[in-house]
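See below for the structure under consideration.
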Amino acid sequence: MVTSLKGRHCLTLTEFSREELLFILETSFSLKQRYLAGERIIPLLPGRHLAMIFEKPSTRTRVSFETAMRELGGDAIYLSASELQLARGESIEDTARTLSRYVDGIMARVYEHWKLEKLAQYSRVPVINGLSDLHHPCQALADVLTIIEKKGRDIESLKIVFVGDGGDNVLHSLMLAIGILGGKITISSPPGYDPHPSVLKLFNEHASGSFEIERDPYKAVENADVVYTDVWVSMGQERERERRIRDLEPYRVTVNLMNRAKKDAIFMHCLPAKRGEEVVDEVIDGKWSVVWDQAENRKHAQKALLALIIP
Ligand code: CP
Ligand code: NVA
């Protein structure tokens, strides 16, 4: 039985056991149902404030966190890292110490993952990863919520395939989430684009599930229930653009590729998509695509996370 998650950070999802992750997901479902039934405000966090630090642009993360906090009876403060004293050299330690005297939680989107670890180390309040170069745990919560909604709770029986950059932050979090829940994920990426060693270490330590790497995307998606992709050039990797496009070209999600998956397979993407690169219009706008439901679920999953970890 899960007692309390209050005060917990969420940097990689490995802060949570399988049982705790399932509890967050069940809470997400219940908050979503209540919201859809017309209960727009569910005041589980009255008077609480979330500081949101962004070093990179965002549409979904910013708006889903901001609306989530307001709908929980609290509020959120958008902070561009370039406008904080951080930009003039104030340390992360001092920023964490200061912010946690004002707010009840800190969400941050950063270039380097170590910055989140430092924030968490010096913060008195929970720190949530809103995307780093290595992890995107809130995206993975919404992804698993979507997979369960579309394919049922028996995650272990599903064939989930990620096609593209095996070193992608969104994939890292998805593989950890699926792995902690006991499922299996197939990664189809070219040599040199494998998951980061630190993520493999976390996977070995925390996951009861498994993963496999299949270089051939057509073999990989055979009989897939879920086909997932993300951009080939993530924020911060712009200088590698040419090489990445060249290497990842064979991993574009096309109609031909989707036709190899199960008839009722779903297509997922965290968004924003670079249409024509990692996925073609006919797939992202086609019968397989669940990307808008997936984006919507960001808010419901984060509401549960916030309600459970913010004291
Ligand atoms: N998926 C995601 O995190 O989107 P944003 O970059 O728009 O926040
Ligand atoms: N992998 C992408 C995800 C964006 C939500 C990036 O880091 O840019």
Side-chain angles (χ1 to χ4, degrees), residues 10-13 28 50-69 76 78-81 106-116 128-147 162-177 185 187-190 193-196 198-199 228-241 243-245 247-248 251-253 267-275 277-279 284 289-303 305-306:
C10 176
L11 305 191
T12 64
L13 286 184
S28 311
L50 179 74
M52 309 193 297
I53 303 173
F54 284 91
E55 283 190 344
K56 305 179 186 181
S58 167
T59 297
R60 281 143 287 268
T61 304
R62 176 185 177 175
V63 179
S64 57
F65 265 107
E66 204 161 318
T67 49
M69 277 306 290
Y78 173 81
L79 302 165
S80 162
I106 300 172
M107 191 278 286
R109 168 168 285 198
V110 298
Y111 280 99
E112 297 95 356
H113 188 77
W114 62 263
K115 291 179 180 166
L116 281 161
I128 300 172
N129 180 356
L131 181 146
S132 67
D133 54 345
L134 289 178
H135 299 271
H136 198 0
C138 298
Q139 180 67 52
L141 286 177
D143 294 344
V144 177
L145 195 63
T146 310
I147 292 172
F162 183 95
V163 181
D165 174 11
D168 182 76
N169 44 10
V170 167
L171 163 65
H172 286 159
S173 291
L174 182 67
M175 69 186 276
L176 287 172
I185 185 158
I187 300 163
S188 191
S189 60
Y193 291 80
D194 288 342
H196 193 273
S198 66
V199 175
Y228 199 125
T229 194
D230 187 15
V231 289
W232 292 342
V233 185
S234 284
M235 292 180 276
Q237 298 177 331
E238 290 77 10
R239 270 179 306 165
E240 301 167 19
R241 183 170 173 80
R243 171 176 60 80
R244 294 182 149 269
I245 304 276
D247 294 347
L248 289 157
Y251 294 84
R252 175 170 301 125
V253 180
F267 169 75
M268 300 182 74
H269 193 307
C270 59
L271 304 176
K274 191 90 174 154
R275 288 167 177 258
E277 278 186 15
E278 75 277 7
V279 61
I284 196 168
S289 181
V290 299
V291 300
W292 311 117
D293 294 337
Q294 193 185 344
E296 177 188 338
N297 279 337
R298 289 292 302 276
K299 181 170 79 171
H300 303 297
Q302 286 156 202
K303 263 187 181 170
L305 180 71
L306 290 163

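Just so you know, ligand 1 is whichever comes first in the structure, and atom 1 is the first atom listed for that ligand.
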### Message
The criterion is side-chain hydrogen bond (donor to acceptor under 3.5 Å, both in side chains); which residues satisfy it with Glu66, sequence neighbours excluded?
### Response
Arg62, Arg70

### Message
I'd like to know if Glu240 pairs up with Arg243 as an ion pair, taking the criterion as any Lys NZ or Arg NE/NH1/NH2 lying under 4.0 Å from an Asp or Glu carboxylate oxygen.
### Response
yes

## Note on the structure
salt bridge (charged side-chain N to carboxylate O under 4.0 Å, His left out) filter on Asp168, not counting sequence neighbours, yields none

### Query
Rounded to the nearest 0.5 Å, how far does CZ of Arg298 lie from CG of Asp143?
8.5 Å

#### Entry: Note, His269 side chain near Asp230 side chain (heavy atom, < 4.5 Å)
yes

### Summary
Using heavy atoms and a strict 4.0 Å limit, residues surrounding ligand 2 turn out to be Leu131, Asp168, Asn169, Val170, Asp230, Val231, Ser234, Met235, Leu271

#### Entry: Side-chain donor-acceptor contact under 3.5 Å, Gln302 with Ser64
yes

#### Entry: Geometric class of the His196/His172 ring pair [parallel <30°, tilted 30-60°, perpendicular >60°]
perpendicular

### Message
Under 3.5 Å, is there a donor on one side chain and an acceptor on the other for Thr146 and Asn297?
### Response
yes

### Task
With a 4.0 angstrom cut-off on heavy atoms, strictly below it, pick out the residues next to ligand 1 and order them by chain and number.
Ser58, Thr59, Arg60, Thr61, Arg109, His136, Gln139, Cys270, Leu271, Arg298

### Query
Looking only at atom types and distance, does a side-chain atom of Gln294 sit under 3.5 Å from a main-chain N or O of Trp292, one as donor and one as acceptor?
no

